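First up is the structure itself, then whatever we jot down about it.
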Amino acid sequence: MSLATSYGFLILAVVLGVTSNSFAKSAEGFTLLFPSIITGITIVLCMYALSMVMKNIPMGITYASFAGLTIISTVIVGIIRFNQMPNLYSIIGLGLIIIGVLMVNLLGNN
């Protein structure tokens, strides 16, 4: 598998992770059947996609990238779908996460 394919699987894992987080919020403590089922399916598929990424990209780099990108994307979904606006300190922290993900991917392999 090529490096580009691995990053494609990473993007897929992030999308599935954000989908899982969003449906977990909608499941209301897993009391609603449909969102609960979608949450379970997407988290399993997310873990599969991450395992594919780790064939070519080291585990630490994979998980740091996945976690950071999933956090940022989940915040964006929270803003759009649930009207959850982060405060100034949250925005600063999210900016630091973005810087961290870029550092790990661009400078971490040297």
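The structure presented is a predicted model; accordingly, all values stated were derived computationally and were not measured.
- Only one option out of I76, L94, N21 pairs with I71 in a side chain to side chain contact (heavy atoms under 4.5 Å, CB included); it is L94.
- Within the 4.5 Å cutoff, the side chain of M1 has heavy atoms near those of the S6 side chain.
- By the side-chain contact (heavy atoms from CB on, under 4.5 Å) test, V77 is found to be paired with V18, S22, R81, residues two or more places apart in sequence or in another chain being considered.
- To the nearest 0.5 angstrom, L16 atom CG is 9.5 Å from M47 atom CE.
- Remark: the backbone N or O of S65 is not paired with any side-chain donor or acceptor of N105 at under 3.5 angstrom.
- Looking only at side-chain heavy atoms (C-beta outward), V75 and P86 come within less than 4.5 Å of each other.
- Considering only heavy atoms from C-beta on, I79 stays 4.5 Å or farther from Q84 through its side chain.
- We find the OH-CG distance between Y7 and L12 to be 15.5 Å, quoted to the nearest 0.5 Å.
- Note that CE of M54 is 5.0 Å distant from CG of L50, once rounded to the nearest 0.5 Å.
- By the criterion of side-chain heavy atoms lying less than 4.5 angstrom apart, applied directly or through intervening Ile, Leu, Val, Met, Phe, Trp or Tyr residues, Y48 is grouped together with I41 in one hydrophobic cluster.
- For the side-chain contact (heavy atoms from CB on, under 4.5 Å) test, residues two or more places apart in sequence or in another chain that qualify with S20 are T39, T42, I43.
- The distance from the CD1 atom of I57 to the OG1 atom of T62 is 5.0 Å, given to the nearest 0.5 Å.
- Within a 6.0 Å sphere centred on CG of N87, other residues, nucleotides and ligands contribute more than 12 heavy atoms.
- A donor-acceptor contact shorter than 3.5 Å links the side chain of T31 to the backbone of E28.
- When hydrophobic residues (I, L, V, M, F, W, Y) are linked wherever their side-chain heavy atoms come within less than 4.5 Å, I91 remains an isolated member.
- Within the model, atoms CD1 of I38 and CG of L33 stand 9.5 Å from one another, a figure rounded to the nearest 0.5 Å.
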